[in-house]
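Please read the structure below before turning to the comments.
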Number of protein chains: 2
Amino acid sequence: MLELRHLRTLLALQETGSVSLAAERVFLTQSALSHQLKQLEAYYQQPLFERKSQPLRFTLAGERLLTLAHELLGRVAAAERDVARIREGDAGELRVAVECHTCFDWLMPAMDSYRQHWPAVELDIVSGFHADPVSLLLTQRADLAIVSEMEPQAGVVHHPLFAYEMVGIVARDHPLAEKKIWQAADFAGETLIQYPVPDDMLDLWRKVLLPAGVNPPRRSSELTVAIIQLVASRRGVAALPYWAVRPYLEKGYVVARTIGDGGLRSELYAAVRSEDAALAFMQDFLATVRERSFATLPGLTVLAG
Amino acid sequence: MLELRHLRTLLALQETGSVSLAAERVFLTQSALSHQLKQLEAYYQQPLFERKSQPLRFTLAGERLLTLAHELLGRVAAAERDVARIREGDAGELRVAVECHTCFDWLMPAMDSYRQHWPAVELDIVSGFHADPVSLLLTQRADLAIVSEMEPQAGVVHHPLFAYEMVGIVARDHPLAEKKIWQAADFAGETLIQYPVPDDMLDLWRKVLLPAGVNPPRRSSELTVAIIQLVASRRGVAALPYWAVRPYLEKGYVVARTIGDGGLRSELYAAVRSEDAALAFMQDFLATVRERSFATLPGLTVLAG
DNA sequence: CGATTTGAATTAATTATTTTCATGAACAGG
DNA sequence: CCTGTTCATGAAAATAATTAATTCAAATCG
């Protein structure tokens with residue numbers, strides 16, 4: 001018998017295009033999903049998608065159930081929001097502290113969607129870049145902080161948001177474009193183009209350059225396009241999230257390369273005060289950020305709690 | 001995490017007004033449902049209904065989930081119909097043979113609903129009363145027969161539809177109105193008003209009068225209202241389904257009494273040829289009949305396969 | 001073209017969840 | 001005050017979901 005679980009699976013399958021990735025998305029193993037799908041196809045006595053093609057293609061029946069999934073899951077979310085509001089009311093204050101430049105790319109669509117669902121919540125961004133955004137939480141100057149590490153701290157809980165790959169970008173005719181994988185040493189002779197933030201907020205610095213003792217000259221810009229522009233005109237190299245540079249890759253302005261074996265993985269967490277962690281309007285903000293981000297940004301991976 | 005199962009439960013809870021009846025409706029024990037509901041309330045951290053009142057009342061949160069249930073389950077049914085149609089096509093022939101007069105009361109609304117979902121299925125009623133409606137199946141003169149007993153027959157499968165209580169009805173000032181429970185002997189001195197059908201098609205005859213050797217004088221009429229009219233004017237007594245007479249009971253034209261200890265229970269089955277049993281348009285007809293009947297008629301009980 | 005990697009299916013085993021059984025408490029109606 | 005009914009509960013049983021380990025089948029790559 002059909003359950004919402006199956007529809008959530010189909011949706012993940014559509015978004016990721018593969019069984020294994022979909023499994024990761026719904027926090028199950030590939031095997032579990034394979035079983036679940038087999039069972040579903042047995043129930044409807046017909047295949048729901050073609051496994052051969054990459055990305056996988058849905059059959060007519062699969063498409064129909066996918067449509068159903070879209071219809072239902074949105075309504076479920078809406079109903080659960082309403083139920084939560086019945087319990088806790090619909091008002092609240094949610095000041096978000098952000099420490100990364102690119103975060104605005106996914107934060108804006110998420111906040112936009114969230115505002116529609118929680119019109120009575122005062123939603124603000126605490127602007128400016130802070131050495132320690134978590135301290136803003138404890139001093140009541142923010143209610144949620146976006147951070148890239150899960151540093152344990154009394155009175156604060158961290159909720160995983162998602163993970164993604166940081167890629168090195170360089171002009172197409174730059175010598176480094178020849179190398180598939182860049183190591184720390186490759187940055188030694190280059191100018192590093194970056195956002196104007198302290199070094200320890202850069203994943204590239206913390207995880208690659210600092211351990212290797214490499215300290216290349218820098219040049220900075222506030223805007224992603226400006227960084228791309230500098231890289232394209234061979235003024236240096238940069239490390240940016242894959243999802244932030246993909247549009248420029250497709251236009252061929254620059255090329256992207258893997259940093260370190262297995263790539264440079266960045267993670268994002270939302271830190272909130274412990275006493276706020278269970279609030280419905282807070283929980284739903286996290287759910288909205290995850291949902292919108294996975295739907296919008298390419299190449300995200302889930303981050304376990 | 002919310003699943004469709006929970007929504008189906010809530011719907012049954014609304015339709016029946018009690019946990020135990022709802023449990024029966026979804027083919028579970030009362031205990032199972034109690035656990036399920038407890039789990040659901042723990043998940044939403046709030047009560048979903050008040051147990052004290054009869055019929056039970058939903059809380060605001062419960063109402064909201066009930067609304068969700070109505071929204072979703074209809075869509076699920078529609079999607080599953082579409083999926084079945086993708087597999088088997090949307091056309092077919094469905095000639096329904098009916099042996100009971102009152103059956104038309106529930107058959108009409110069900111057929112009406114069904115026709116909208118399966119416009120390409122040729123739906124007909126094989127009229128006239130037949131000694132053995134199952135033989136119509138085997139001779140290809142009907143595709144589905146409504147019968148009141150599950151007589152095993154090669155090449156034919158029986159699907160349970162529902163069960164209900166047959167009640168004795170009598171004028172308010174008739175002596176039998178004094179008796180809460182009627183036994184076979186009570187019919188001895190009375191005229192029995194019935195539909196013009198052979199005796200062995202009457203549950204009252206087969207299950208009560210014949211075993212006791214009681215054979216009261218008869219009078220017959222095609223129409224339920226006419227039977228009620230005769231009973232009300234003290235021309236005799238009758239036995240009819242509770243759901244068929246309830247409107248007249250409420251108006252006070254006649255009164256209803258239990259027949260035999262524990263009441264006289266009637267059952268209805270749909271008989272179809274084995275080779276047709278798995279057809280989607282056939283299965284959905286059965287589902288529609290059950291769904292519409294339970295939603296429309298009071299006092300039905302489920303009938304196990 | 002063979003070796004290697006990757007993604008999905010399979011079987012058996014495990015784990016988690018759901019359901020039942022047996023029972024008790026609360027309550028309504030006689 | 002009993003009696004029947006309805007719902008709740010804890011433990012046991014049954015069932016379903018999930019994983020681990022492995023195989024199979026394509027795709028990718030030297």
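Lettering of chains follows the sequences in order, A, B, ..., and the numbering in each one begins at 1. Remember, predicted model here, so these are calculated numbers, not experimental data. Note: hydrogens, waters and symmetry copies are ignored here, and every other heavy atom, side chains too, is used.
Candidate nucleotides D/dT19, C/dT20, D/dC7 were compared by shortest atom distance to the side chain of B/Val19, and D/dC7 ranks first.
Taking the centre and axis of the six-membered ring of B/Phe294, the NZ or CZ atom of B/Arg290 falls outside the cone set by 45° and 6.0 Å.
Applying the 4.0 Å criterion to OP1 and OP2 of C/dT18, one finds that B/Gln39 has a side-chain N or O inside that range. Between A/Ser20 and C/dG7 there is no side-chain polar atom (N or O) within less than 4.0 angstrom of OP1 or OP2. Taking 4.0 angstrom as the limit, B/Lys38 places none of its side-chain polar atoms (N or O) nearer than this to OP1 or OP2 of D/dA8. OP1 or OP2 of D/dA17 has not a single side-chain nitrogen or oxygen of A/Gln36 nearer than 4.0 Å. Remark: A/Arg5 is in phosphate contact with D/dA17, judged by side-chain N or O atoms under 4.0 Å from OP1 or OP2.
Residue A/Ser18 is classed as a sugar-phosphate contact, given heavy-atom separations below 4.0 Å to backbone atoms only. B/Ser31 comes within 4.0 angstrom of a nucleotide base, judged by non-hydrogen atoms across all strands.
The separation between B/Leu33 atom CG and D/dT9 atom P is 14 Å, rounded to whole Å. Taking atom CG of B/Leu28 as the reference point, atom C1' of C/dT18 lies 9 Å away to the nearest angstrom. Taking atom CG of A/Leu2 as the reference point, atom C1' of D/dA17 lies 16 Å away to the nearest angstrom. When the C1' atom of C/dG30 is taken as reference, atom NZ of B/Lys180 falls 12 Å away, rounded to whole Å. The CZ atom of B/Arg51 sits 14 Å away from the C1' atom of C/dA26 (whole-angstrom rounding). Following rounding to the nearest Å, B/Glu24 (CD) and C/dT20 (P) show an atom-to-atom distance of 12 Å. When the C1' atom of C/dT18 is taken as reference, atom CE of B/Met1 falls 18 Å away, rounded to whole Å. If you take NE2 of B/His35 and P of C/dT20, they are 10 Å apart, rounded to a whole angstrom.
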Candidate pair B/Arg51 and B/Glu41, rule salt bridge (charged side-chain N to carboxylate O under 4.0 Å, His left out), full reasoning: CA-CA 13 Å; B/Arg51 290 101 212 284; B/Glu41 293 186 326; 2.6 Å; yes
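Side-chain contact, B/Gln283 with B/His159: no donor N or O sits under 3.5 Å from an acceptor N or O.
If you take CG on B/Leu264 and OH on B/Tyr242, they are separated by 15.5 Å, rounding to the nearest 0.5 Å. From A/Gln30, atom CD reaches atom NE2 of A/His35 across 8.5 Å, with rounding to the nearest 0.5 Å.
For the pair A/Gln30 and B/Leu56, nearest-nucleotide mapping onto DNA chain D gives the more 5' position to B/Leu56.
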